[in-house]
J.: 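Structure in structure tokens, see below.
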Amino acid sequence: MKKVSLIFGTRPEAIKLCPLFLEFKRHSEFQPHVCVTGQHRQMLDQVLDVFEVVPDVDLDLMEPDQTLAGLTSRAVIAIDSYVARHRPDIVIVQGDTTTTFCAALAAFYNRIPIGHVEAGLRTWNKFSPFPEEINRLMTSHLADLQFAPTQRAKENLLREGIPEDRIFITGNTVIDALHIAIEKVRKNPPAIPSLPVELLNGDSHKPVVLITGHRRENFGAGFESICGAISELSRRFSNAAFVYPVHLNPNVRKPVFDILSGRSNIYLIEPLAYMSFVALMDRSRIVLTDSGGVQEEAPGLGKPVLVMRDTTERPEAVGAGTVKLVGTDRRMIVDEVSTLLTDEKSYIAMANAVNPYGDGKACERIVRAIADNNIC
Ligand code: UD1
Ligand code: UDP
């Protein structure tokens, strides 16, 4: 039996790797093992609960308002010791977080093969997203098997000299997770106690603008401008509901609560469990976000997505017309949201359900690629 260690630490990695862990469990030739760094604590645990995954090892590394260097140094040492002890045949990492890079580095130091899920995303700008662009670039060059979600991601890897026979186009495992979630929530819509019932069950005809934001490069002026835009929009569209599950990073919470608290049509709520978030996304009219994962999921639900960033490593849905980059400029955000709320033609042009990121079978393809490969 091949020992596979899936190492992850944050909410998005967990959403994208739990379905893969469950797929490995269906194959008797694999013995999957989950090691979480706990880079995120509450937001990671929420996902583990939803997928009913109990980690074999929990390194519990999160500290309040942690620094990149502090977390990186703690993570490399802790993961190194886990990998040296457990000696897996392959380590699987996902995406572009500090945990991703540190787990790949620790596996490399122990000469253990590495599979990188969601390989090959690039903006070619090392400060946007920061530090993720460099995390994933370094991870690509440490990894042995590359699971690229799209053809474009594969081409990015080829441009960097990664051998073609190490790259597998699989789709993104987030679509596997979304398929699991959407079926459940459409059958049994979850309640979200922090929101009025009618907002979710559709009795209210208020358009819902769903907001998420957490990028480091937007801290400070970027977040102030984003919140200024939401504030102006909430006054201009008193019939709309602006729902914002606020990320637990204190650098996000302070400006968001300082600027946006106390408005009757702005709902600042705690991060939602994955099923509740998917249900809310499904109910929303527009999604305003700087998140990577949300940019991949919302197009599959036919929701126009306005991305509050200057660059994206996920250009496929921009090309398909459902995602638009609006940056963090207050005027630009106000204008673009206003257009979608008032101009039906512009709305319909963006509200096409497209799925450039996968068909829900990425996990199957990844497991098959590892089974067929003699690298481990
Ligand atoms: C991290 C990732 C980012 C990813 C994001 C997903 C890095 C450098 N950043 O950013 O790529 O897009 O997660 O959300 O890897 N906190 C809590 N509880 C939690 C989670 C966070 O209290 O469950 C607070 C803590 O004070 C923590 C801080 O948020 O120190 C920052 O967490 P961290 O993981 O370093 O950065 P994120 O901004 O969450
Ligand atoms: N998400 C969630 N609850 C929330 C907000 C987001 O479960 O309150 C999910 C969302 O569906 C997506 C993922 O979290 O799959 C995105 O995580 P995040 O935006 O934190 O990170 P990124 O994708 O930008 O790295």
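All values reported here derive from a predicted model rather than from experimental measurement. Atoms within a ligand are numbered from 1 in the order they appear, just like the ligands themselves.
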J.: Salt-bridge test for Glu183 and Lys187: reply yes if a basic N is under 4.0 Å from a carboxylate O, no otherwise.
T.: yes
J.: May I ask you to check if Arg285 and Tyr347 form a cation-pi contact, with NZ or CZ under 6.0 angstrom from the six-membered ring centre and within 45° of the axis?
T.: yes
J.: Please list the nearest protein heavy atom to atom 5 (C) of ligand 1 with its residue and the distance rounded to 0.1 Å.
T.: His214 CE1, 3.6 Å
J.: Which is it for Phe277 and ligand 2 at heavy atoms under 4.0 Å: side chain, backbone, both or neither?
T.: side chain
J.: Say whether, by atom type as modelled, one donor and one acceptor occur between the side chain of Asp343 and the main chain of Lys345 under 3.5 angstrom.
T.: yes
J.: Provide, to 0.1 Å, the distance between atom 24 (C) of ligand 1 and the closest protein heavy atom, together with that atom's residue and name.
T.: Leu248 O, 3.5 Å
J.: For atom 18 (P) of ligand 2, which of Met275, Lys16, Met281, His214 has the closest heavy atom?
T.: His214
J.: Could you check atom 13 (C) of ligand 2 against the protein and tell me its nearest heavy-atom contact, residue, atom and distance included?
T.: Ile15 CD1, 3.7 Å
J.: Among Ala181, Ser291, Pro12, Ser276, which one puts a heavy atom closest to atom 19 (O) of ligand 2?
T.: Ser291
J.: Do any N/O atoms on Thr99 end up under 3.5 angstrom from N/O atoms on ligand 1?
T.: no
J.: Is the closest heavy-atom distance from Arg215 to ligand 2 below 4.0 Å?
T.: yes
J.: Would you kindly specify which portion of Gln46 sits under 4.0 Å from ligand 2, judged on non-hydrogen atoms: side chain, backbone, both or neither?
T.: neither
J.: For atom 2 (C) of ligand 1, what's the nearest protein heavy-atom neighbour? Residue, atom name and distance, please.
T.: Gln39 NE2, 3.9 Å
J.: Quick one: which of Glu63, His40, Gln42, His247 has a heavy atom closest to atom 20 (C) of ligand 1?
T.: His40
J.: Looking only at distance, does Gly293 have an N or O less than 3.5 Å from an N or O of ligand 2?
T.: yes
J.: Among protein heavy atoms, which lies nearest atom 33 (P) of ligand 1, and at what distance?
T.: Gln66 NE2, 3.3 Å
J.: One residue to check: Leu272. Relative to ligand 2, which of side chain, backbone, both or neither has a non-hydrogen atom less than 4.0 Å away?
T.: both
J.: So does Lys324 have more than 12 non-hydrogen atoms from other groups sitting under 6.0 Å from NZ?
T.: no
J.: Return yes if a side-chain donor-acceptor contact under 3.5 Å exists between Ser128 and Arg309, otherwise no.
T.: no
J.: Any idea which of Asn251, Asp96, Asn249 brings a heavy atom closest to atom 38 (O) of ligand 1?
T.: Asn249
